[in-house]
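All chains are named by letter (A, B, ...) in the order of the sequence lines, taking the proteins before the strands, and each is independently numbered beginning at 1.
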Protein chains: 2
Amino acid sequence: MLTTLKDVAKLANVGVSTASYALNGNKLIKESTRKKVLQAANELGYHPNGNAKNLKRSKNEMIGLFISGFTGPFFNQLLEGIQDVVVSHGYELVVCASNERHRMLTERLVDGAIILNYHIESELLKTVASEKMPLIVLDRDIEHPHIYTALLPNEKGINQALKHLEDKGHKEIGFIAGSTDSYDGEARLNAFKTYIKNHNLTTGLNKILRADFTEDSGYDTMRAFLNNSHHYPTAFVAANDEMAMGAIRAIEEKGLSVPADIAVVGFDDIIIAQYFQPSITTVRVHKKQWGESVAEAMLDILTGSDTKHLMKPPMEFIERDST
Amino acid sequence: MLTTLKDVAKLANVGVSTASYALNGNKLIKESTRKKVLQAANELGYHPNGNAKNLKRSKNEMIGLFISGFTGPFFNQLLEGIQDVVVSHGYELVVCASNERHRMLTERLVDGAIILNYHIESELLKTVASEKMPLIVLDRDIEHPHIYTALLPNEKGINQALKHLEDKGHKEIGFIAGSTDSYDGEARLNAFKTYIKNHNLTTGLNKILRADFTEDSGYDTMRAFLNNSHHYPTAFVAANDEMAMGAIRAIEEKGLSVPADIAVVGFDDIIIAQYFQPSITTVRVHKKQWGESVAEAMLDILTGSDTKHLMKPPMEFIERDST
DNA sequence: GATTATTTTTGAAACGATTCAATTCCCTCT
DNA sequence: AGAGGGAATTGAATCGTTTCAAAAATAATC
């Protein structure tokens, strides 16, 4: 059997409550007995049982980030930002990528959760969010007293991209959309549609290609499109960089040139975007800053000081060789 | 107050033990009462308290991966591999990046842990490893009945790289090492030294540059080296791809050409390696497979079937334009 | 030296589940 | 109608902590 607080107490020859106080640095305990207890704990290699502790305390000092998977180069920077802030406040961060049960979340093993996982249903989120466990969602919009929302300024980004293309003289612009269950993806698509309509640019439903955020899907979709159409827009906006890269591959394979024949702009500014040939014009999302501000907000919420941190992360348009 | 099992029981008008059995699908409970309980639980939005549950059951059905941070493109694929296997076995995976306390680990909030975090001291690991919580370490070698080791075949990789350079006619080869607290980094360095000695190749201590795994450090170190030396090796092996990239930048900036003047080979085969100009010759580590086999091993250990899964992940030499 | 403060220490009651052992139901069978 | 037996239910103990309220030990006061 693993060593427990009782064992420590026995060895140190004190009551278990004394042992507990001693280990937790309660100043009521005499220095000499604290020494005894510490010594005993050390000798036995004692570590407290977190489940028991958290159960009694009814808090975990732990905040969770729930994502859908570790694929894609997008997460790292966001994670870094969150991580930095969380640990600097004495909490710990756990990252869970799950697609079915989400026990860390539902069983309240964290004090607060940041959600970026479209697998988790909004209904579920509503039943777990509470005073004791606030949520910040990054990938949807939910109305609930304990669910906070931190969305990307997708519309602004798309507008900047389109403005740029318009300035370059493009009149007919297509869009490569991601899978429909992505909030951000659809937000970008909608922003695109609105802009096109308001600016009297030419496009048609058939110029809105549907892929699924992966590079391969971008390639496949663009390839299929070019094979079936004798006429094509002079520019495309993709809902993320990966698809932009795939599309460019397909375009070049078809003997057309980027950006001369077709310009392509991506979204996110993942690291490879600058190394790709041609380097990709894109909308940079400041992921690390986003992470930081989200984490700050969470900590504010947890410590009661109601938050002003939930501002949208800045976006920046980056012009490179693909336009 | 949050809703507890007792609340559910009361609403369903049954004893709390009945409620517990009902929710856990125990076949002793009559179908009609189970319905009642489920209904009540649903109505109250009940989710069990994980801490209480895990405390009583004394298991968490959760395995932890402990890494030092989310920086660097190395982790994603490893993570993916682990994640896939873990969830397909009904466990959940939590990833923790901590550098001080490691509560998830020490407080036994996971049933098993995979360690790739040089911040965690081996002494600590020895005090937490136990029958109830086995460890697999990926970044060191520990002798302990409940700590298993899964290291990369660094030596093999380095040998392949050097053989390749030798075949290309290089006689004098340098090495760009990472920071000294990395087990893999030092293993690569040592493999390099041994090979050089055994094959009578020329090098000197001054041809072993010391950087810290980041691209910038590779750049700085190589730049400093070239500025101070009138003579340089015709090839360098770097302990990872990032540093190789940095070094190449410095070399080209100096007006020398890669690979004509100096050939460079990296290690890991991170995604950018193939996009970089020139694309980087490197030793591919099959990170996803590595992750998978490690996870398989962990599950084997946890379910008692003692493991045969701990084989070293395959490595593959990839020749590209930088040599 | 008895009384009152002041430190220290401690047993016992939570926390919210699971699960054993005992009880209550409900049938079926003499 | 009473006994016997399986099915269904349940109270109570338990997991390993924290923490309250009370006891014990020590020091201070008159």
Side-chain angles (χ1 to χ4, degrees), chain A residues 1-38 40-41 44-62 103-104 106-109 111 128 130 132-133, chain B residues 1-38 40-41 44-62 103 106-111 128 130 132-133:
Chain A
M1 198 73 297
L2 245 26
T3 95
T4 137
L5 188 58
K6 211 192 292 183
D7 303 326
V8 176
K10 194 178 303 166
L11 178 58
N13 216 350
V14 299
V16 10
S17 38
T18 309
S20 171
Y21 284 130
L23 291 174
N24 289 314
N26 187 313
K27 64 289 243 61
L28 279 185
I29 301 299
K30 211 186 348 172
E31 193 51 32
S32 64
T33 48
R34 178 203 311 296
K35 280 265 169 57
K36 256 193 330 192
V37 174
L38 252 44
L44 297 176
Y46 169 77
H47 296 284
N49 178 316
N51 282 131
K53 181 169 169 171
N54 298 337
L55 170 59
K56 189 72 228 295
R57 284 218 168 126
S58 72
K59 72 166 155 179
N60 307 61
E61 279 176 331
M62 186 123 2
R103 293 180 33 233
M104 255 323 204
T106 59
E107 301 190 349
R108 275 163 272 128
L109 267 10
D111 292 341
V128 298
S130 77
K132 301 282 299 172
M133 183 164 97
Chain B
M1 200 71 301
L2 244 27
T3 95
T4 138
L5 188 57
K6 210 193 290 185
D7 302 327
V8 175
K10 194 178 301 167
L11 179 58
N13 215 349
V14 299
V16 10
S17 39
T18 310
S20 171
Y21 285 131
L23 291 174
N24 289 313
N26 187 312
K27 62 292 242 57
L28 278 184
I29 301 299
K30 211 187 349 172
E31 192 51 31
S32 63
T33 45
R34 178 202 311 296
K35 280 265 168 59
K36 254 193 330 192
V37 174
L38 252 44
L44 297 176
Y46 170 77
H47 296 284
N49 178 316
N51 282 131
K53 183 168 166 172
N54 298 336
L55 171 60
K56 189 72 228 294
R57 285 220 169 123
S58 72
K59 72 166 154 175
N60 307 61
E61 279 175 332
M62 186 121 4
R103 294 182 31 236
T106 57
E107 300 190 349
R108 274 163 272 128
L109 267 11
V110 293
D111 292 341
V128 298
S130 77
K132 300 283 298 174
M133 184 165 98

**Q** Taking 4.0 Å as the cut-off, does a side-chain nitrogen or oxygen of B/T18 come that near to OP1 or OP2 on D/dT10?
**A**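 So the side chain of B/T18 is within the cut-off, an N or O lying under 4.0 Å from OP1 or OP2 of D/dT10.
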
**Q** On DNA chain C, check which nucleotide each of A/R57 and A/K30 is closest to and give me the residue with the more 5' one.
**A**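 So the residue in question is A/K30.
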
**Q** DNA chain D: A/Y21 or A/N49, which has the more 5' nearest nucleotide?
**A**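 Here A/N49 is the residue nearer the 5' end.
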
**Q** Give the first and the last nucleotide of DNA chain C, reading 5' to 3', that has any atom under 4.0 Å from a heavy atom of chain B.
**A**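 That gives a stretch of C/dG16 to C/dC20.
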
**Q** Is there a side-chain contact between B/L23 and B/Y46 in this structure, where contact means two heavy atoms from C-beta onward sitting under 4.5 Å apart?
**A**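 A side-chain contact under 4.5 Å exists here.
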
**Q** Please name the residue in the list A/V128, A/N60, A/D111 that meets the side-chain contact (heavy atoms from CB on, under 4.5 Å) test with A/M133.
**A**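 Going through the options one by one, the only one that passes is A/V128.
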
**Q** Quick one: B/R34 CZ to D/dA8 C1', roughly how many Å, whole number?
**A**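 After rounding, the reported distance stands at 12 Å.
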
**Q** For side-chain contact (heavy atoms from CB on, under 4.5 Å), just list the numbers for B/M62 and A/R103, CA-CA rounded to whole Å, side-chain angles, deciding distance to a tenth of an Å, and then say yes or no.
**A** CA-CA 9 Å; B/M62 186 121 4; A/R103 293 180 33 233; 3.7 Å; yes

**Q** Supply the atom-to-atom distance A/N51 CG to B/R57 CZ, rounded to the nearest 0.5 angstrom.
**A**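 Answer rounded to 0.5 Å: 12.0 Å.
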
**Q** Taking for each residue the nucleotide of DNA chain D bearing the nearest heavy atom, is the 5' side occupied by A/L5 or by B/S32?
**A**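 With A/L5 and B/S32 compared, the 5'-side residue is B/S32.
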
**Q** Rounding to an integer number of Å, can you tell me how far A/D7 CG sits from D/dC15 P?
**A**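 For the pair A/D7 CG and D/dC15 P, the rounded distance is 12 Å.
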
**Q** Keeping A/S58 on the side-chain end and A/L55 on the backbone end, is there a donor-acceptor pair under 3.5 Å?
**A**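 No, A/S58 side chain to A/L55 backbone: no donor-acceptor pair under 3.5 Å.
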
**Q** If you measure from CZ on A/R108 to CG on A/N54, what distance do you get to the nearest 0.5 Å?
**A**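 Taking CZ in A/R108 and CG in A/N54, the distance rounds to 13.0 Å.
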
**Q** Between C1' on D/dG16 and OH on A/Y46, what's the gap in Å once rounded to a whole number?
**A**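 Whole-Å distance recorded here is 7 Å.
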
**Q** Got B/N49 and B/T4 here, is their nearest side-chain heavy-atom distance under 4.5 Å?
**A**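 No, every pair of side-chain atoms sits at 4.5 Å or beyond.
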
**Q** May I ask you to say what B/N24 touches in the nucleic acid, namely base, sugar-phosphate or nothing, with a heavy-atom cut-off under 4.0 Å?
**A**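 The answer is sugar-phosphate, as B/N24 gets under 4.0 Å only of primed atoms, P, OP1 or OP2.
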
**Q** So among A/L11, A/L5, A/T3, which one has a side-chain contact (heavy atoms from CB on, under 4.5 Å) with A/D7?
**A**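 In the set A/L11, A/L5, A/T3, the residue that makes a side-chain contact (heavy atoms from CB on, under 4.5 Å) with A/D7 is A/T3.
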
**Q** Tell me which residues in residues 10-17 of chain B lie within less than 4.0 Å of DNA chain C, going by non-hydrogen atoms.
**A**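 Correct list: B/V16, B/S17.
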
**Q** Rounded to whole Å, how long is the line connecting atom CG of A/L55 with atom P of D/dT19?
**A**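 For the pair A/L55 CG and D/dT19 P, the rounded distance is 12 Å.
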
**Q** Measure the distance from CD1 on B/I29 to P on D/dA7 and round it to the nearest whole Å.
**A**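 Between P of D/dA7 and CD1 of B/I29: 13 Å.
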
**Q** Does a distance-only test, which skips hydrogens and angles, find a donor-acceptor pair under 3.5 Å between the side chain of A/K56 and the base of D/dT18?
**A**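 Answer yes: a donor N or O sits under 3.5 Å from an acceptor.
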
**Q** Base, sugar-phosphate, or nothing: which does B/S20 touch, judged by heavy atoms less than 4.0 Å apart?
**A**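 Base: the residue B/S20, judged by heavy atoms under 4.0 Å, touches a nucleobase.
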
**Q** Categorize B/N51 for me: base, sugar-phosphate, or nothing, with a 4.0 angstrom heavy-atom threshold over every strand shown.
**A**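 Answer is nothing: B/N51 stays at 4.0 Å or more from every strand.
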
**Q** If we only count heavy atoms from C-beta on, is the B/N26 to B/N24 side-chain gap below 4.5 Å?
**A**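 Side-chain contact under 4.5 Å: no.
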
**Q** Using a 4.5 Å cut-off on heavy atoms from C-beta on, say whether the side chain of A/I29 contacts that of A/T18.
**A**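 Yes, at least one pair of side-chain atoms sits under 4.5 Å.
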
**Q** Figure out the CG/C1' separation between A/N26 and D/dT19, and round it to whole Å.
**A**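 After rounding, the gap between these two atoms is 10 Å.
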
**Q** How many whole angstroms separate atom CG of A/L28 from atom C1' of D/dA21?
**A**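 Interatomic distance, CG of A/L28 to C1' of D/dA21: 13 Å.
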
